[in-house]
Amino acid sequence: LLNINQRQTEGRQSPLRVVEIGEDELDPAIWGQNFPVQYEMFSRTAENYGETPYGGSEPYSRLERFPALLRLYAGYAFSIEYNEERGHAYALIDQQQSERVLQRNQPGACANCHSAEAPLLIEEMGWEEFNHTPYNDLAPSLHTASSCHDCHNPETLELTVTRPAFINAMAARGIDLAEATEQEMRTYVCAQCHVEYYFAGENKVLTFPWSNGLAVEDIEAYYTEVGHVDWTQPDSGSDLLKMQHPDYELYSTGIHARSGVSCADCHMPYTRVGSVKYSDHWLRSPLNNVSASCQTCHNVDEEELIDRVVDIQTTTATLTRSAEVAIIDAIDAIVAAQTAGATDEQLFEARALHRSAQMRWDFISSENSTGFHSPQEAARILAESIDLARQAQLAAVQIDVPGTVSTISGS
Amino acid sequence: LLNINQRQTEGRQSPLRVVEIGEDELDPAIWGQNFPVQYEMFSRTAENYGETPYGGSEPYSRLERFPALLRLYAGYAFSIEYNEERGHAYALIDQQQSERVLQRNQPGACANCHSAEAPLLIEEMGWEEFNHTPYNDLAPSLHTASSCHDCHNPETLELTVTRPAFINAMAARGIDLAEATEQEMRTYVCAQCHVEYYFAGENKVLTFPWSNGLAVEDIEAYYTEVGHVDWTQPDSGSDLLKMQHPDYELYSTGIHARSGVSCADCHMPYTRVGSVKYSDHWLRSPLNNVSASCQTCHNVDEEELIDRVVDIQTTTATLTRSAEVAIIDAIDAIVAAQTAGATDEQLFEARALHRSAQMRWDFISSENSTGFHSPQEAARILAESIDLARQAQLAAVQIDVPGTVSTISGS
Amino acid sequence: MRRLVGTRTLILGGAFMIVIGVLVGLGGFTFAYAKGTSYLSNDPETCVNCHIMRDEFDAWSTSSHRNVATCNDCHTPHDFLGKWFTKGLNGFNHSLAFTTGNYPEVIQIRERNAEIVQENCIACHETLVSNVYGLHEDQDRSCVDCHGNPGHQNRNTQ
Ligand SMILES: [Ca+2]
Ligand SMILES: [Ca+2]
């Protein structure tokens, strides 16, 4: 498309470059001198636009809203503080001020996704060194939350990925990022951070558990293979896995991903400013901006579109609550068996089922779209979580402990 | 959906009327003299185009393919014979030759949806009389399977509903059929038969349980209110409900219904014959005809469209199998408790949970799209079915029966 | 999602030969329909000489573009030679297909024609999209991915 390419060149020059942006420039304000519109939009991620039915930018305590989490995360940092997430502007400060950081010693690995300095520090210190250095030792060199530099090549401004964990994980999946289309990049830049992760080995190397695939079963299989355990729940004694924001993984199983729709299509929709279109850099809930986010593709009125989302989310939320009840019933049954004197050997099956049930529930509970990114898959995963939790409960209540007589079940 | 309505007119214009079609004319061949194309297409419903991954026109035995059904339907006619359904041409003969009819005395009510004579006989005999007359007594006057007369006004050829059960049920929902749009009629004509039903009272009056709404919970509430029981399962002693082809009910909760897509849009797509577009009267699986059925709306290649359907169905089918396992475990536990001497009073809760679990599983299992008509809702219903079945099992295994000591569960 | 790939190259000679070939072809195939001139006109009505174009015409006449763009504004290149080359090629393809009746149940735009449409979208909306579409050499995103079908509105996503 010869003449298109010509236009592109014009296009690329159109915004006049006031300053030369250095390769290591992190400060959005400096980038903003060349791209004032995007900078102005990006700065609005500091705004609180309030709550949506299941999301939004009000950083309420998830522990207060869903007390079941206190029981399910018992013994793990997430039971101390866990809030609804908000805009990119808070990425660093919310981490630094989280009780999970203040009360626990965390590794530098935490900084990978919360500080724009990460790529430079990694270059400087080396990958492993960066990850296992205590977070508090790194703290002094962390100043910038989220920056243009996270997603853009400072010179060409093309989208680029800057986080080693993502690059390694894609390599493990056999995906060559050099081949990525522009449209895929509109998702990959987000998949650097909005994904499930763990810290591998002594050096706490940030790793995404993707080598078997992105489905929840693939991720569970991976953790079983490497023998990973996030923590042992005190009362149940089960070795559990914690899932964190698998937004990209769940999205990948959905109809939108399948239709080639990218994260940016919905979370950074084109917006007309004057006579020109810009990508809306105010990353937020699309429910706060339905007309640009959805209506271009869906010629449906705004109210109806919001209803479609909220109905999908309400179904997911209801099943999520049911899974919580089932898992807590399982924990109670395991505890009761223990108290009655059941041995670890006798409790092995119940605890294994509990682990599988809870990581599935957490996969959907910690994902941020309340099921919208893949409605049927979210319901499927919760169905399995409930089934496994109830089986854990059954295994526990049917344990034969000295002092009680064999249960009567035929199954 | 714009263009669909535009195309409708085209089709209707052309045909020149060779014969005058009498008000009570049932024979498709006579109608066919005026509308040879539709007749020719409609006649193809006698063709066997084979199996699709989860549907198709091969009338295989569902009991052989899913042996769990033998246990779940134990004591009910469906455990004798139950096959995959096929084309409209077989509507009458498949009923007459079904072991469910040969080995059991069925009421005339069965003929409502399997014989074109039904509306005329109802006029003649009266509604209640028609329903409670034994099927075998009606048999001699049943000759025509499915006919143009089921869906069309013989004079204007407009779509029309001819089945009292549907008209009564819509009235009970407070919906005025006189107000129905043409697009709605493209679904209503199907909803005369592709729906859950039961025979109310002594007179076996064919009734659709819709007065609380179409959701599975609404239907369960309705049956509880009227105290309906389809049969008591011999081994578990549970009073169960049988669901039959709630195609319209499930479809109604889906995104297609929500987007105004009708049954006919997918199952009777407009098809070019020569220069004119006709509604394809060969009612069948859209997977046998994806290009006309789906591509009008989805600009996606055929293979990918089929994959999308089959992936949704595979998820539904997997959850359906899990629900079967859970329900059978519950039955086993109830039986074991009974054997151990549990009283009906002690078993009350387990049996009630079993009833709720099985009617939900059956709602999806007996629905004919294997979840496609409403993917997330199908998964939600199966998740609840599994949860309820496991709770039934738990209730049963935890029953305190003389000779066994109280179970150890804390929950 | 449709990927737009490849670049259109017009070789003068080839173009002329095809155009001539096509005119012959048109004469041969559609003389009976007397629609040979359809492709040479800018009047949408002439496209509809083929009933088969009726759906698109109807959809176009209710689209946001009915007053601002005719068929050829979108479906043929804006440069002179390309215009006649495309008219010729499409005229040949479609006449052939129409005459033989050998075309899909649901007509779908061909890759090459999709590229042409894309160029025409941009031609008219250059300023507006210059910014967002100025970023990459290999522009692989079709406007129609998001804008459904401005010319027609006959897809569900519109
Ligand atoms: Ca949020
Ligand atoms: Ca079938």
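Proximity of Q393(B) to R390(A): side-chain heavy atoms (C-beta onward) are nowhere separated by under 4.5 Å. Within the 4.5 Å cutoff, the side chain of D307(B) has heavy atoms near those of the R258(A) side chain. Side-chain contact check for R308(B) versus S259(A): some heavy-atom pair is nearer than 4.5 Å.
In terms of non-hydrogen atom pairs under 4.5 Å with chain B, the most contact-rich of A378(A), A323(A), A379(A) is A379(A). The greatest number of non-hydrogen atom pairs below 4.5 Å with chain A, out of A330(B), P375(B), A389(B), is found for P375(B). Heavy-atom pairs under 4.5 Å with chain A peak, among T315(B), I255(B), L319(B), at T315(B). Ranking I386(A), L382(A), D387(A) against chain B, the residue ahead of the rest is D387(A), based on heavy-atom pairs under 4.5 Å.
Neither the backbone nor the side chain of S385(A) comes within contact range of chain B; no heavy atom of the residue lies under 4.5 Å from a heavy atom of that chain. Heavy atoms of T339(B) lying under 4.5 Å from chain A are absent altogether.
Atom CD of Q346(A) has more than 12 heavy atoms from other residues, nucleotides or ligands within 6.0 Å. The neighbour count for E349(B) CD, taken as heavy atoms of other residues, nucleotides or ligands under 6.0 Å away, does not exceed 12.
Although no hydrogens or angles enter the test, the distance criterion places a donor-acceptor pair under 3.5 Å between the side chain of Q376(A) and the main chain of I312(B).
Distance check, rounded to the nearest 0.5 Å: CD of Q391(A) to CG of D329(B) gives 7.5 Å. The line from CZ of R380(B) to OG1 of T316(A) is 11.0 Å long, rounded to the nearest 0.5 Å.
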